Amino acid sequence: MTRWRAAAGSTAGLVGAVLALGACTSPADPTPSATPGAAGLSVVPRPVELTTRDGEPFALDSVTTLAADPALAEPAAALAELLHDDTGIDLADGADDADIRLTMDPEVTGTDGYRLHVDHDGIEIAAAEPGGAFAAVQTLRQLVPLGDAGAAREVPAVEVRDHARFAYRGAMLDVARHFFGVEDVQRYIDDVALLKVNHLHLHLTDDQGWRIAIGSWPRLTEVGAANSVNGEAGGFYTQDDYRAIVAHAAARGVTIVPEIDMPGHTNAALTSYAELNPDGERVPAYSGIEVGFSTLDIDSEITYRFVADVLREVAALTPGPYLHIGGDESRATTEEEYATFVTRAAQIAAGTGKTVVGWHEIVDAGALPAGTVAQYWSYVVPETSALADRMRTFVDGGGHLIMSPADAAYLDMKYDAETPLGLQWARGFTDLAEAYAWDPAAILGVGDDGLLGVEAPLWSETLLTIEDVESMAFPRLAAIAEIAWTPQADRDLDDLKARLTVLGQRWDAAGVAYTKVPYVDWG
Ligand code: TNX
């Protein structure tokens with residue numbers, strides 16, 4: 001028996017097999033005997049529709065076979081790899097009559113929509129796009145009971161019809177204040193992908209460190225990568241390292257969004273190259289956690305050559321559509337300087353063919369390239385009504401927003417007074433209830449059409465290890481991911497808590513260092 005691998009199969013035969021399956025099992029009306037959370041079925045984020053069916057479960061075991069439409073080879077490979085990691089079971093390469101089949105079905109609708117059907121005879125995942133099939137893979141994983149490695153599992157008979165509220169479901173990791181190596185980032189990608197988070201934003205540069213090798217400006221990492229907050233060890237990604245992260249993410253349906261933060265947050269660049277400074281002198285490395293003091297030289301043409309070189313190389317390494325140019329907390333520039341810089345940097349970024357993303361301050365810069373995305377990081381109740389007005393004007397002009405309200409979605413805020421790590425500047429502590437109790441559309445009164453999605457940033461001033469990262473992210477990222485996926489009307493905190501009881505067992509099995517907040521029953 002060969003372990004399943006993505007191979008160009010016979011589509012015609014596969015489709016025939018699936019139609020046959022449809023003919024014998026397609027349910028006129030599955031018994032609506034349960035809803036998500038009931039009967040031990042526990043999926044996070046909560047699916048739009050999950051119905052348990054009468055009938056025997058599917059027995060997943062060492063002879064289970066897998067086949068996929070060639071267009072869904074990547075999600076199928078992800079399923080084989082993840083099920084192996086979860087259960088120790090290797091799916092065998094199936095032919096047209098495989099037990100688990102991934103099929104393309106253009107009639108499956110909705111953002112990252114999928115249909116998942118499980119009965120005694122097999123499992124069928126149908127999607128119109130790979131994104132839907134990747135999402136289905138994560139749902140299926142959460143339906144497979146935990147057990148001993150290699151032991152058979154009974155997957156309950158269900159019918160799931162599901163799709164996302166938002167196309168962009170994001171997490172951000174700050175690898176600049178403290179550096180996290182390739183394996184740590186890959187582990188975080190695995191962690192977030194389980195929750196159908198499909199974008200990982202990497203904050204690659206800041207005052208304390210520059211973390212991505214740039215061939216045309218080598219001192220950025222030869223010099224600018226050595227440092228971290230508190231002078232702790234630095235580090236950086238070679239371009240091959242970055243490609244390895246991108247590939248690992250892509251294999252799980254996750255798009256990497258690289259950020260080069262400018263014109264502020266640039267001390268690491270300014271310490272690497274004398275010519276980026278107005279007086280031609282390198283500045284010292286910075287190990288504190290203040291923000292807003294550094295800036296590129298807005299009036300120097302060398303600055304824009306630097307910006308163009310860096311963005312060109314980062315864009316070339318990045319298959320995803322987005323390029324994030326930062327733009328936050330630029331307090332060492334005048335408004336006019338800021339507008340001059342951001343307008344030019346955004347044009348340069350757009351010239352790489354990417355969609356430009358920036359922190360929400362960029363909406364003040366004036367004309368931005370069509371399609372530019374602003375990342376809102378004020379509060380659930382906006383800091384000022386003037387800011388809210390400017391954000392709405394940006395959306396009225398065709399811009400889109402990623403919502404990251406700092407008092408709810410910033411995973412580096414402490415849960416409560418007992419939390420050993422993290423900060424508390426964003427209106428104090430953020431417990432699970434606060435992380436969950438907001439509607440992205442309600443913050444600015446912008447409808448879902450004006451929102452690209454939701455992202456949970458994790459800044460790393462106080463975080464040194466991947467366990468530190470996980471302890472801040474989980475369980476709160478489960479709440480944010482559900483905000484990004486599940487219809488607002490279907491969300492309920494008590495229901496989420498009940499499902500976290502089960503998810504916590506999965507995190508335990510996978511060795512995820514989540515925080516056992518006292519208001520969830522962790523079993
Ligand atoms: C604000 S929010 C920042 C970061 C800090 C973070 C700490 C934003 C766009 N910038 O520079 O790391 O607060 O929570």
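Numbering of ligands and ligand atoms starts at 1, following listing order. Please read these numbers as outputs of a predicted model, since none were measured by experiment.
- Here's the thing with D328: one of its N/O atoms is less than 3.5 angstrom from an N/O atom of ligand 1.
- Residue-ligand proximity, L423 to ligand 1, at heavy-atom distances under 4.0 Å covers atoms 7 (C), 14 (O).
- Shortest contact from atom 5 (C) of ligand 1 to any protein heavy atom: E461 OE2, 3.3 Å.
- Each of the following atoms of ligand 1 lies closer than 4.0 Å to a heavy atom of H265: 11 (O).
- A centroid separation of less than 6.0 Å is found between the aromatic rings of F293 and Y286.
- Residues A171 and V197 come closest through the heavy atom pair N-CG1, 3.7 Å.
- A centroid separation of 6.0 Å or more is found between the aromatic rings of H163 and W485.
- Judged by a 6.0 Å distance limit and a 45° cone about the ring axis, R252 is not positioned over the six-membered ring of F134.
- Not close to ligand 1: Q375, with no non-hydrogen atom less than 4.0 angstrom away.
- Counting protein heavy atoms only, atom 1 (C) of ligand 1 is closest to E329 OE2, 3.2 Å.
- Cation-pi geometry between R282 and Y273 is not satisfied (NZ or CZ under 6.0 Å from the ring centre, within 45° of the ring normal).
- Note that R476 lies in the cation-pi zone of Y415, set by a 6.0 Å cut-off to the ring centre and a 45° limit from the axis.
- Closest approach of I245 to Y237, counting heavy atoms only: CD1-CE2, 3.8 Å.
- Ranked by closest heavy atom to atom 2 (S) of ligand 1, the top entry among Y410, W359, W425 is Y410.
- At a 3.5 angstrom cut-off on N or O pairs, R177 counts as close to ligand 1.
- Close approach of ligand 1 to M413 (heavy-atom distance below 4.0 Å) involves ligand atoms 14 (O).
- For ligand 1, the polar-atom distance check against D412 finds a nitrogen or oxygen pair separated by under 3.5 Å.
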